[in-house]
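Only one structure is covered here, and it is reproduced in the block below.
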Amino acid sequence: MPDHAPQPVDRQLPTDEARDLISLVRDIAQREIAPKAAGEEDAGRFPRETFTLLSESGLLGLPYDAEYGGGEQPYEVYLQVLEELAAARLTVGLGVSVHTLASYALATHGTKEQRAEHLPAMLGGGLLGAYCLSEPASGSDAASLRTKAVRDGDRWVLTGTKAWITHGGIADFYTVMARTGEDGPRGITAFLVPGDAEGLSAAAPEKKMGMKGSPTAQVHLDGVRVGDERRIGEEGQGFAIALSALDSGRLGIAACAIGVAQAALDAAVGYARERRQFGRPIADFQGLRFMLADMATQIEAGRALYLAAARLKDAGRPFAKQAAMAKLHCTDTAMKVTTDAVQILGGYGYTADFPAERYMREAKVLQIVEGTNQIQRMVIARHLAGPETR
């Protein structure tokens, strides 16, 4: 590998506290995460001890209320933390984003009693969460989910299978969307299910192209019983909660995508400065210099887009359209930039001795998770032109 150390991203942060937070994250990323990333990804090892460290450092509940153990940071800051973590290792950055998504329903729609009972452990007690919406037959069409929750006195009995669940099989809690009423979005309710609940199990993790250290698995609920006190929100409100969570979660994916793209650019610049052909560094050649310039410009545009959406959210203004735009643009950018990074490294880019090929494999999944980029285009178009006629 070239001995070129990338420069930290020059960030515009709103407070001294936020600047100190980013410094802490960079220290953890450089000391604890990045050095182990390639080896652990190759071995398919999930770094649970890293998430324990992040929890102890107050980094698993950044956007939530301090009253319950959160960091009470604006999304503008939280997303930049995600970007730094994802640049070091996507398994970690995406894992924090998914944990935040899994905590969203309780943090925003739980009763005061529910939040007081569960949130401190979820946000700072070392627990890890998973978000369960998709199913084998309902991915993009999430409102057609079939997992059922049937009331039995003061308890609910959950039966069904969830699919593509990040942290499936290792999570301490699952936020599960289940059908309690009529077909369609109005018959869905949210539940907080403990990871050790009787009747809950996970299939073997999927064998994936990238992110091999992050387990993705089907989660089976075979008559899982939970008390009504673990129902989040009103009956039938679950789908609205799920969509609201995804608006925020898509910003997390956008930030992670820019982190991966930035890491790929840093690797490409470092290689281009060191690699010599025809008697000079390949970074001297105009064709390659223009590639690097385009990569950097796309990354800066993506970062500006996700931060603009975050600032709308922080101001309490509608941001769903901008979240879809950010997810679409940033993940497409990650795919393009990582592909170009492989090209710049040439034959070395295609080997596992350099990280570019891993970044490229990891970038692909970001165009798919939490709503494919085709779905994002549909969301944006609906905001522009209204719903489709039928």
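Atoms considered below: every heavy atom in the structure, side chains included; atoms not considered: hydrogens, waters and symmetry mates. Predicted, not measured: the structure shown is a model, and the values here were computed from it.
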Considering only NZ, NE, NH1 and NH2 on the basic side and carboxylate oxygens on the acidic side, decide whether [X] and [Y] come within less than 4.0 Å.
| X | Y | answer |
| --- | --- | --- |
| D332 | K336 | no |
| K112 | E67 | yes |
| D172 | R48 | yes |
| D152 | R155 | no |
| D353 | R358 | no |

Any side-chain heavy atom of [X] within less than 4.5 Å of one from [Y]?
| X | Y | value |
| --- | --- | --- |
| P281 | R276 | yes |
| Q80 | L13 | yes |
| R225 | E198 | no |
| M325 | Q376 | no |
| F191 | I232 | no |

### Query
Is the number of heavy atoms from other residues, nucleotides or ligands under 6.0 Å of R317 CZ greater than 12?
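Open: at most 12 neighbouring heavy atoms sit under 6.0 Å from CZ of R317.
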#### Entry: R186 atom CZ, over 12 foreign heavy atoms within 6.0 Å
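No, because the 6.0 Å sphere around CZ of R186 holds 12 heavy atoms or fewer from other groups.
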### Message
Filter on ring pair (Phe, Tyr, Trp, His ring centres under 6.0 Å), then keep only pairs touching residues 104-135, sequence neighbours left out; what's left?
### Response
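Listed once each, the pairs would be none.
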#### Entry: Passing option when E76 is tested against R311, R303, R11 for salt bridge (Lys or Arg N to Asp or Glu O under 4.0 Å)
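Answer after filtering R311, R303, R11: R311.
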### Message
Testing E40, E362, E32 one by one against R89 for a salt bridge (Lys or Arg N to Asp or Glu O under 4.0 Å), which residue passes?
### Response
E40
### Task
For S248 and K313, run side chain to side chain contact (heavy atoms under 4.5 Å, CB included): C-alpha distance rounded to whole Å, both residues' side-chain angles, the deciding distance at 0.1 Å, then the answer.
CA-CA 8 Å; S248 299; K313 174 176 169 57; 3.3 Å; yes
### Message
Between L62 and L128, is there shared hydrophobic-cluster membership here, with clusters defined by ILVMFWY side-chain heavy atoms closer than 4.5 Å?
### Response
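In one cluster with L62: L128, yes.
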### Query
Can you hop from I22 to V92 via hydrophobic side chains spaced under 4.5 Å?
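Shared cluster, yes.
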Which heavy-atom pair separates [X] from [Y] by the least distance, and what is that distance?
| X | Y | value |
| --- | --- | --- |
| A261 | V337 | O-CG1, 3.5 Å |
| T338 | A363 | OG1-CB, 3.6 Å |
| P215 | G213 | CD-O, 3.5 Å |
| A309 | Q322 | CB-CB, 3.7 Å |

With distance as the sole test, does [X] use its side chain to make a donor-acceptor pair with the main-chain N or O of [Y] at under 3.5 Å?
| X | Y | answer |
| --- | --- | --- |
| D228 | D154 | no |
| E41 | K212 | yes |
| Q262 | G259 | no |
| R179 | L145 | yes |

### Query
Run the ring-ring contact (aromatic ring centres under 6.0 Å, His included) check on H167 and F173 step by step: do they pass?
CA-CA 10 Å; H167 303 154; F173 66 91; 9.7 Å; no
### Query
Which is it for V96 and L60 under the side chain to side chain contact (heavy atoms under 4.5 Å, CB included) test, yes or no, and what are the steps along the way?
CA-CA 6 Å; V96 173; L60 286 191; 3.8 Å; yes
